[in-house]
Amino acid sequence: MLTQIIIIFIILYFARNIYQEFFSNGTNPLSSTEEKDSTIVEGKFTPKTLAKYNGKDSPKIFIAVKNRVFDVTQGAQFYGPGGPYENFSGRDASRGLSKNSFDTEVLTPIDQPIDKLLDLTDVEKETLDGWEEHFENRYKIVGTLEENKD
Ligand code: HEM
């Protein structure tokens with residue numbers, strides 16, 4: 001009898017863990033995005049479709065770094081309207097980050113092909129890699145950046 005009770009408790013314990021795993025969403029990198037804005041479909045962005053995630057046209061702020069799109073909404077004090085790095089919002093920030101520049105002119109216009117960054121110096125590549133690591137540690141990835149369709 002006691003053995004049966006113990007077995008039932010063990011089963012209940014595992015069932016609870018499995019339930020939490022599935023429904024807490026704690027490990028799902030998209031959960032916060034999906035909770036707050038169900039219209040965002042994870043996956044593919046183009047320079048043009050990324051542009052609206054600038055904290056003005058959408059409350060969400062996304063930034064692309066080396067063709068991966070990060071949700072930087074948590075860093076709205078940096079990237080939101082009036083923030084010091086708002087030029088990066090909704091944009092491929094790679095070249096600006098590589099050159100430690102927040103000049104809008106450094107970034108490729110959204111109707112142009114994606115910047116291949118082929119001319120960067122070794123130092124600029126390292127700088128960009130450092131920023132990439134910063135974004136990986138701090139923000140969730142919501143998709144990839146691909147060429148405009150038109
Ligand atoms: C004028 C000199 C600058 C000062 C005083 C400055 C200051 C700061 C400070 C205090 C932070 C916050 C650090 C933290 O809490 O993690 C920060 C973060 C940052 N800075 Fe600067 N910065 C300067 C120049 C630049 C430039 C030229 C760039 C252009 C690439 C830049 C890009 C960034 C980025 C991307 C972050 C990370 C924000 C985040 O965590 O999302 N900064 N800066």
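For clarity, every value in this text was computed on a predicted model and none was experimentally measured. Just follow the structure's listing: the first ligand is 1, and inside any ligand the first atom is 1. Heads up: numbering here begins at 1 and tracks the sequence.
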How about atom 21 (Fe) of ligand 1, which protein N, O or S atoms come within less than 2.8 Å? Tyr85 OH

With Ser89 via side chain to side chain donor-acceptor pair (under 3.5 Å) - residues at least two apart: none

Do you see a protein non-hydrogen atom under 4.0 Å from atom 4 (C) of ligand 1? no

Quick test: of every protein heavy atom, which one is nearest to atom 28 (C) of ligand 1, and how far off is it to 0.1 Å? Phe102 CD2, 3.6 Å

Show the numbers, then the answer: is there a side-chain contact (heavy atoms from CB on, under 4.5 Å) between Ile61 and Asp71? CA-CA 6 Å; Ile61 307 175; Asp71 181 346; 5.7 Å; no

Is there a protein heavy atom less than 4.0 Å away from atom 34 (C) of ligand 1? yes

For Asn148 and Lys48, indicate whether the former's side chain and the latter's backbone hold a donor-acceptor pair under 3.5 Å. yes

Counting each atom of ligand 1 from 1 as listed, which ones have a heavy atom of Tyr139 under 4.0 Å away? 39 (C), 40 (O), 41 (O)

When you measure from the side chain of Asp129 to the backbone N and O of Glu132, does any donor-acceptor pair fall under 3.5 Å? no

Tell me whether atom 17 (C) of ligand 1 lies less than 4.0 Å from at least one protein heavy-atom position. yes

Ring pair (Phe, Tyr, Trp, His ring centres under 6.0 Å) partners of Phe70, counting only residues at least two apart: Phe135

For atom 1 (C) of ligand 1, state whether the nearest protein heavy atom is under 4.0 Å away. no

Considering only distance and modelled atom types, tabulate donor-acceptor pairs under 3.5 Å from the side chains of residues 80-87, sequence neighbours left out.
from: Glu86; atom 1: OE1; to: Gly82; atom 2: N; distance (Å): 3.3
from: Glu86; atom 1: OE2; to: Gly82; atom 2: N; distance (Å): 3.4
from: Asn87; atom 1: ND2; to: Phe102; atom 2: O; distance (Å): 3.1

Distance to 0.1 Å, residue and atom name: give those for the protein heavy atom nearest to atom 40 (O) of ligand 1. His134 NE2, 2.6 Å

Specify whether the nearest protein heavy atom to atom 38 (C) of ligand 1 is under 4.0 angstrom away. yes

Which heavy-atom pair separates Asp119 from Glu124 by the least distance, and what is that distance? O-OE1, 4.5 Å

How close do Ile63 and Gly90 get, heavy atom to heavy atom, and via which atoms? CG1-N, 4.5 Å

How long is the straight-line distance from CD1 of Ile114 back to OG1 of Thr46, given to the nearest 0.5 Å? 8.0 Å

Arg68 side chain to Glu136 backbone, donor-acceptor under 3.5 Å: no

Who's the nearest protein heavy-atom neighbour of atom 14 (C) of ligand 1, and how far? Arg138 NH1, 4.0 Å

Is there a side-chain contact between Asp92 and Pro47 (heavy atoms, below 4.5 Å)? no

Less than 4.0 Å from atom 9 (C) of ligand 1, is there any heavy atom belonging to the protein? no

Side chains of Thr144 and Asn67: do they bring a donor and an acceptor to under 3.5 Å? no

Tell me the protein heavy atom at minimum distance from atom 27 (C) of ligand 1, and give that distance in Å. Asn100 O, 3.0 Å

What atoms in ligand 1 come closer than 4.0 Å to a heavy atom of Ser101? 29 (C), 30 (C)

